[in-house]
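Quick notes on the structure that follows.
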Amino acid sequence: MTDTVLALDGISKSYGAVKALTGVTFSIARGEIHTLLGENGAGKSTTLKIIKGEVTPDSGTLTIEGSPVTEFDPANADRYGISMVHQELAVFENMTVAENVFIDRPPCRGGLIDSRAMNARTAELLELFGLEIDPRERLLHLTPGQRQIIEILRAINAERKVLILDEPTSGLNARESEILLALLQRLRAQGQTVVFVSHRLGDVLQISDRITVLRDGAVVETLVNDGLTEDHLVARMVGRVLSAMQHRPAAEERIRQPVVLEVEGLSRREAFEDVSLALHRGEIVGVYGLEGSGTSELSHALFGLIPVEAGTISITGEVVDDLEPLSMIRHGVSYLNSNRKDAGLFMSRPVADNISAPVLRQEARFGMIDEKKLAARAVAAVKRFAIRVASTDVPPQNLSGGNQQKVMLSACLAPDPSILIVNEPTRGVDVGAKAEVYRALTELADSGKSLITFSSELPELLLLADRIMVMRARRISGWLTRPAMTEERVMALAAGTR
Amino acid sequence: DAQEKRTYYYASQLQGHPYLLDSLLGMDYAASKFGVDIVSIGPQGWDPVGHAEAVEQAIAKRPSGIVTTLWEPGAVPAIKRAMEQGIPVIVIEAVVPDNGAMTFIGLDNYEAGVDTAKALIAVGGDTGKLVVSGNWGASNTDAKFQGLMDHLKANSKWELLGRVDDKATTETAIDAAKTMYNTYQDMTGIVGLDSSSGTGICLAAEELEKDITELAVVVNDREAPVLECIEAGDIDATVVNKTALQSFMAIQMLEAYNDQNIGLANAPISSDNKAAGVTPFPQYMYMGTEVIDKDNIQYFVSQNMPSFN
Amino acid sequence: MTEATSMAVATSALAERGRRHLGPLPLLVVTAALCLFLGLTRENFFSASNLYSLVYGVSIECLAVFAFTYVMVLREIDLSVGAVYALAGVMSGYLLLEGVPMWGAITIALAAAALVGLINGLLVVRLRVNSLMLTIGTMLLVRGLVGVMTTTLRGNTFPRPFRALSREQLFGVNVSIVAMVVLAIAAILFQQRSVLFRHMCYIGENLRSAVIYGVRADRIKVMAFVASSFMAGVAGIYTASRITHADANMGLGMEFTMITAAVLGGASLYGGRGNAAASMLGLFLIAVLINGMAMYDIEPVFQQFVIGALLITTVAADTILKRRG
Amino acid sequence: MQLGSMPLLKRWRLEQEAITFAVVLLLVILLAWGSPAFLDSNNLDSLQTSMAPNMIIAIGMMVLFIVGLFDLSVGAVMGLSGIITALVLSAGYGMGAAIACGLGVGIGIGLINGLLVAVFGINHLIATLGVMYMTRGVIEVLLLGAPLAGFTSFPLAFTMLGNGSIVGVYWMFLFALALVVVGEFVLRRTVLGRRLYFTGGNHDAARLIGIDTKRMQIGALVFSGFMAALAGVLVTARIGMANRYLGIGLEMNIIIACLVGGGSIAGGKGSAIGAMLGVAFISLITNAFNLFEVPSEWQSSVIGAVLVVVVAIDGILLLRKQRVSWQTILGWRSPRRNSATLPAE
Ligand SMILES: Nc1ncnc2c1ncn2[C@@H]1O[C@H](COP(=O)(O)OP(=O)(O)OP(=O)(O)O)[C@@H](O)[C@H]1O
Ligand SMILES: Nc1ncnc2c1ncn2[C@@H]1O[C@H](COP(=O)(O)OP(=O)(O)OP(=O)(O)O)[C@@H](O)[C@H]1O
Ligand SMILES: [Mg+2]
Ligand SMILES: [Mg+2]
């Protein structure tokens, strides 16, 4: 494949003090799936944004179809035939699914939008992912996972020369990502050029033709994908070999530990029914369910974010009478939201303020804030999770997606909770940091904290959880305990096969 | 139907404006005297659209007559419409040309300005340095100012130092007056042209603990604080419109027009006024002004005013 | 990330703060420049009496803008301030003329004002209604009540003892000025250090996040609305005592003055930002401008043109400076 | 492929408008039943002529709401354009020239607003408020020393613009209705309309997908300026003379109308039909005051109360749709608007 679609040559970009990219050089061949790989903040998104024309590089040249790009603005996408799925959701809540899919060039008859055709086409696209959504439904009624898919469909539907996907699978569950990967391979077969970013090395190895590894804003090298292993990739990404994570020692004795959180017959119409579970001291319970199984509602309900219609939650024996976030926090519960764009961060406030948000009251004396303490706290967190940030006064909106996630996790851990409700803890986090996060979570458990982890990444759950609760059709479809915990059995329970 | 009670509509905006309360008083008086019903409709505050709607929709009630005001011409089409349908309309208080109404009964603002000038000369002599407070851009203030200055130029050596804008709101008026005192240290006379000016001028002096009894202070209208300040001697005189009279006369004229026993409609201007398209009303009826000062103040304070309903 | 970089983190933090805390500086510069200009060109501008009149005139509205600003920080807005201001003022006068003893009348009036705020707040948090639309409603509603009272009062003057209130002095200056200074200082401290203000910013920036981190969003919002109405009420009563009679036009269009001042002071319609002290400065700037134009005897009808122009230029300057920083 | 059934109102995105429509209908029934004068031709004409200009302005304002802006200068623009038209006419120029000048004023001021907001990034409230003051200033300066109302000799053709009617329906009103229809059509069926919604719905996202959001904002502000000017010309034609007080305080009524009509200052929401219904609501309330002879001092209370109730009902309905229990809505326990799956407000 020597037919080059676009080439970057010595592209550099810095934001104030931060050098996002330094002399990035690589090229993308027609009809290949080319993956950008790198740690959080390595410069993947920035590179993609430059290709699409959203970001203007400080130096270097970008050549598309042999002609160098002179001015950079979002309209380039149209001009040069590029479509992109952004790492952060870019959807329109008040518009229908169809309208979100057909943002540019809706089907027209006589200069007028032909909504019938539009809805029909959208329905077809939705079927690709087996989504039973009415194209005329407004997006605000959809779940984050569903929104992510809509955005992917938008990009695919544009049928542009180059298709860019920045961590498209981060919001998807296993089944959905499988579908997406298959779809991409099918598109490649039709000659579509794809630029792909993901932290899921398995996926990367499965579909990529070539892989360009970035580290600290520079290209390490571009690899051709045959006989590569995850270790190869990790070694190049991180510059060192990571020791593989180990399961925590077997969990029998933990079951004998006292129960800290007990849920009985929790129900909410159209969300989940009759959910009961007992969380032991020092235990990690994983919860898994496909889109629509009610898991996200359950996580919200457990933290008192949405009212329930039946059932009780009791913590260390006493029933929590008012299910509100505040009272849950008072009971030592802390919550990590699944979608950082929606809630969990203050995008334009300093990282320091974000990390200290939950502990402001504790850290204060007579209601007065002690900035130094907070700064110290922030710096510690930045070190702990290797957050790539110029200073603790940079707002998250200037951080890479993965680093935003790390900031959010730090905030969630700040109050030193005894019970954690964790949603998608490593969404968009790179392998290195992932290990960090896993270590942090297991350490918490070892030190006697208890965790309920909601994740759509099965391997993650299998690694972390002592027990896994599987949901299907808004009900508990079964419990699995190590060693009986395997990918197959979880999926079986989740999808209801057998 | 001459027997049954006639109903008149007072359709206007600024129904709640204290300045027009006397006008309403005059109407109550007329109602009691002539045994007619008078219905007030229209917005409480400034609302030209609402004003026009009030007049137009009063027509739909088929009244024996309509009284309205014209601070701005928005209601002119409505007036013409009513007249076309044989409903007599009288404009009071403020007017615009070519309004199509039977007549205007009210104040000639220019003349009121002239009267104000006369009052100023009466209390302050024919020479001095003058500052004027008003609601600039409002037609009545501008007209009064014209009359004031024309007369002063012609008959005195008063010179104008400057003008301050009080927006016809008391809070603003006080601060505007304070600015005036602080800026024009050497003035010897003050004139206030809208209903809030006097209050502002007097209260500002009070706040600055400035003794203005020496200055010649002549204002317009009869807000309660102004009357107090005249009693206290801070304000020398105020020139007031006979608002109660204008509304009373509006009703009286309408009655005279509608009541065959009085027969104003058929005053022998022509053999048949209607057919000839003759308006049996004087074109304008000006109330002229009265001057309130220490000597007659007690007859104007609202506590001593009668009420009729 | 290495030790070195984490050191860098700590140090460059300070620099970053400095850049963000440009704050009300542009406004301060503009105001100072205007004052200087007037002082140099008009001999009476810097006269004690004129400056005092300016400050005193502003001080009353400052009471109201104080809490109003914090409502904006919460990403809400309270357009009913002007009406509540009038309500409290006219109502206290009304009750006095009904024979209610003075402090009783004032208490009732303030309670009424606070009640409006409570209603605003509760409806906003309980029914999640848009505060702009809601407070337009309450504004009209309250205006109506004011109208009813002014109509029955027929513009009569209030009893002397009530009118004496606004003449009360403390440390040789009017009480409202003392109150303004106290509030300004309080505001600065409050914004600098207090947990509550930080929480307000969180709410304004992202309500959902705030709640996840245990901020009592609803309670704080209700409090803010009550405070806004209450302070407006205080200012209203003070003004009523000052203007000595029931004036239907009281506080008309005040809500726009408030928003303008707050935005001049760096508040955002989209919440998360705001500085009550700077809002007060904004009010002062407008007052100085009007004062100056009177001193220059500028054609009165042309003055609002100038105000509009200044409004835009000040905010423009601010916007552009911020973009640089 | 076959789409499942979906409630009409939801499919057409007119849920909120439907509430307003219900209220308007209620008012009409109340009036027709309560006052014989309601169906009197004078009253119907009055309703038409007072609604028409406000509808025209409201359409412009609603488009601004859709892109996430609003314009406080509409009243002033209306006034100035009317005066300019009158001045040009009385200066002896033709009707076409006069109207062109009047509309030009609106476009010009709209453009200024647009540049201030989109290019200089000045907060739209401040920008349009400032422009309102400035425009009012210009009006006063233009008419300095001029009589309250002059220029009363307009050509008949011009005055007919505001007074002409066929079978009891004013041209002005028909024109406004036509604009509503066209507006609704453009908003729903054209790419331009879509882009307006995108711009207001999620500004950053719209920029990312290559919509020129600056152009959209400027365009919308110019449009609202133009519509305000159009209304100004028509009203001047109707009154038959220049009016320096034209449109004072109108912006508030228009904004109320748009909010009642389902617009949202948050952007991305609203419809021309909603604008029409909102205006109808305001006019009918006023009509009720006049026909039922409600004492003026109570009027604004009534409007306020109605507004509050409508807002409250709207909020409650939304909460119920999200299955928030009654005791949560009314009781002391606060609803959790932060819930991530509940549709964002
Ligand atoms: N708008 C911005 N302002 C300042 N710095 C920025 C901005 N956007 C990105 N950066 C910095 O540029 C660097 C590269 O960011 P980028 O988003 O490309 O990383 P990434 O490879 O996409 O990471 P992730 O895997 O977490 O998405 C990061 O250090 C980030 O902090
Ligand atoms: N905003 C909403 N309004 C009404 N019903 C909703 C809403 N969001 C979700 N639901 C219903 O709740 C059920 C479960 O929601 P959801 O799809 O989020 O579960 P989930 O499996 O946790 O999704 P994900 O895998 O994306 O986290 C869905 O079937 C959906 O019908
Ligand atoms: Mg990225
Ligand atoms: Mg979900």
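Computed from a prediction, not measured in an experiment: that's the story for all the values here. To find a chain, count down the sequence lines: A is the first, B the second, and so on, and within it residues start at 1.
If you measure heavy-atom distances from D/M132 to chain C, you find no contacts under 4.5 Å at all. If you measure heavy-atom distances from D/A127 to chain C, the contacts under 4.5 Å come from the backbone alone. With a 4.5 angstrom heavy-atom cutoff, D/L259 touches chain C via backbone and side-chain atoms both. Of the two parts of D/L72, only the side chain, counted from C-beta on, holds a non-hydrogen atom closer than 4.5 Å to a non-hydrogen atom of chain C. In this structure, chain C has no heavy atom under 4.5 Å from any part of D/V309. Interface residue D/I126: backbone and side-chain heavy atoms are both found under 4.5 Å from chain C.
Annotation: maximal heavy-atom pairing with chain D below 4.5 Å, among C/T135, C/V306, C/I136, occurs at C/I136. Counting heavy-atom pairs closer than 4.5 Å to chain D, the top residue among C/T138, C/L269, C/L123 is C/L269. With chain C as partner, the option from D/V310, D/T135, D/L307, D/V306 having the largest number of non-hydrogen pairs under 4.5 angstrom is D/L307. When D/V131, D/V302, D/L129 are compared by the number of non-hydrogen pairs under 4.5 Å with chain C, D/L129 comes out ahead.
Using cut-offs of 30° and 60° for the angle between ring planes, the C/Y202 and C/H199 rings count as tilted. Ring geometry for D/H124 versus D/F70: interplanar angle over 60°, hence perpendicular rather than tilted (30 to 60°).
Paired with C/V226 under the rule side-chain contact (heavy atoms from CB on, under 4.5 Å), one option of C/I119, C/L118, C/V116 passes, and it is C/L118. If you run side-chain contact (heavy atoms from CB on, under 4.5 Å) between D/I139 and each of D/N243, D/L246, D/I83, only D/I83 comes through.
C/S80 places no side-chain N or O within 3.5 Å of a backbone atom of C/A83 that could act as its donor or acceptor partner. Listed for the D/R244 side chain is a donor-acceptor partner under 3.5 Å among the backbone atoms of D/L143.
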